[in-house]
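Worksheet: one structure, shown below.
Quick caveat, the model's predicted, so the values are computed rather than measured. Chain A is the first sequence line, chain B the second, and so forth, proteins listed ahead of strands; every chain is numbered from 1.
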There are 2 protein chains.
Amino acid sequence: MKLTTRSEYALLALVYLARNEGEGFISIDTIATAQGIPPKFLEQLMLALKRAHFLRSAKGQKGGYRLAKRPDQIPLADVIRLFDGALAPTESVSENFYESTPIEKEKKLTKVFKDIRDYVSNKLEKTTIADVIK
Amino acid sequence: MKLTTRSEYALLALVYLARNEGEGFISIDTIATAQGIPPKFLEQLMLALKRAHFLRSAKGQKGGYRLAKRPDQIPLADVIRLFDGALAPTESVSENFYESTPIEKEKKLTKVFKDIRDYVSNKLEKTTIADVIK
DNA sequence: CAAATCCCTACTAAACCAATAGGATTTATA
DNA sequence: TATAAATCCTATTGGTTTAGTAGGGATTTG
């Protein structure tokens, strides 16, 4: 029932970049210092975010990262899924990561977890980085 | 964002016992076979459930387990907390397991996770084993 | 006494997590 | 053109958690 620090750090980095849009490329060290994240750890996350097309980067001096999308086009769900996998509380209830478990036979129980998944999913899908910096 | 199999198995065991209330003590092997759970693994869970006063047990031949409370007095939340700890998606948002993280400064973000915690918490607190066997 | 059963602790293999290390490459600029 | 600042990329590490397995002890019933 927990988020990894990876997701939290990634969200914090995106929030920082969103707040400082228009200031060109921003370096990992700048973000790490501002948000209190271990820089080399953040580096890995930024790379992943870049590969998933949340970010654009520039190498070399004056390089760094900036958002590849508008903040209102980045739902929290997308970020969390990238680092933590499925949003659902159990496998049997996840749409994206289905796997068979004995719990499936308990329909009422499954329903409870489906409801939770739906709420969490909806909440995180409709909340974007833009909502968070307002 | 995930439940451990421990919690799932524990819930399945409680559901089984609730469905078969009034049949006296039921052995681990019976439950394990019925619900598809590794018996020696289930044994540990049953012991924990017993120590947490969800179950009563009887040793020896004809021994086994039965519920120590009425099914409607066992919220799913209690069971999940026993095996998985906090329900909240991030530490900074958990009432029972507070710990400081850099995310706290982002109030809007924290709010989203608080909302999720509240929903999940409320849902799991008010759903009991009795609801699940109906 | 034998069988069934819970009780309890220890162990293990694999995965995951958070973080660190360090070299390779690219770019701006002095 | 040398240097510094930055990303890029892979590997490694130490710790924890997870999902089980193993096995001996204690207790009760037939």
Practice item. Could I get the full list of ring pair (Phe, Tyr, Trp, His ring centres under 6.0 Å) partners for B:Phe41, not counting sequence neighbours? Key: B:Tyr9
Review point. Starting at the 5' end of DNA chain C, which residue's closest nucleotide do you reach first, A:Tyr9 or A:Lys62?
Key: A:Tyr9
Check your understanding: What distance do A:Leu17 atom CG and A:Ile31 atom CD1 have between them, rounded to the nearest 0.5 Å?
Key -> 4.0 Å
Check your understanding: Residues two or more places apart in sequence or in another chain: which of them pass side chain to side chain donor-acceptor pair (under 3.5 Å) with A:Lys111?
Key -> A:Asp115
Review point. Can you list every side-chain hydrogen bond (donor to acceptor under 3.5 Å, both in side chains) pair that touches residues 18-30 of chain B, not counting sequence neighbours?
Key: A:Glu106-B:Arg19, B:Ser27-B:Thr30
**Study point:** Those residues that, when tested against B:Lys105, pass side chain to side chain donor-acceptor pair (under 3.5 Å) (two or more places apart)
**Key:** none
Point to revise | Counterpart residues, side-chain contact (heavy atoms from CB on, under 4.5 Å), relative to A:Ala34 (two or more places apart) | key: A:Tyr16
Check your understanding: Taking only residues two or more places apart in sequence or in another chain, which ones pass side chain to side chain donor-acceptor pair (under 3.5 Å) with B:Glu125?
Key -> B:Arg81
Practice item. Output all residues satisfying side chain to side chain donor-acceptor pair (under 3.5 Å) with B:Ser7, sequence neighbours left out; order by chain, then residue number. Key: B:Asp84
Exercise for review: Within residues 53-60 of chain A, find the residues that approach DNA chain D with a heavy atom at under 4.0 Å, and present them sorted by residue number.
Suggested key: A:Ser57, A:Ala58, A:Lys59, A:Gly60
Exercise for review: For residues 114-134 of chain A, pull every pair meeting ring pair (Phe, Tyr, Trp, His ring centres under 6.0 Å), keeping only residues two or more places apart or in separate chains.
Suggested key: A:Tyr119-B:Tyr119
Review point. So which pairs with a foot in residues 51-76 of chain B pass side-chain hydrogen bond (donor to acceptor under 3.5 Å, both in side chains), sequence neighbours left out?
Key: B:Arg70-B:Asp72
Exercise for review: Specify the separation, in whole Å, of atom CG of A:Leu47 and atom P of D:dA11.
Suggested key: 14 Å
Practice item. Go through DNA chain C in 5' to 3' direction and return only the first and the last nucleotide with some atom under 4.0 Å of chain A's heavy atoms. Key: C:dC17 to C:dT29
Practice item. Strictly below 4.0 Å, heavy-atom distances to any atom of DNA chain C: list the hits from residues 23-46 of chain A, or just say none. Key: A:Pro38, A:Lys40, A:Phe41, A:Gln44
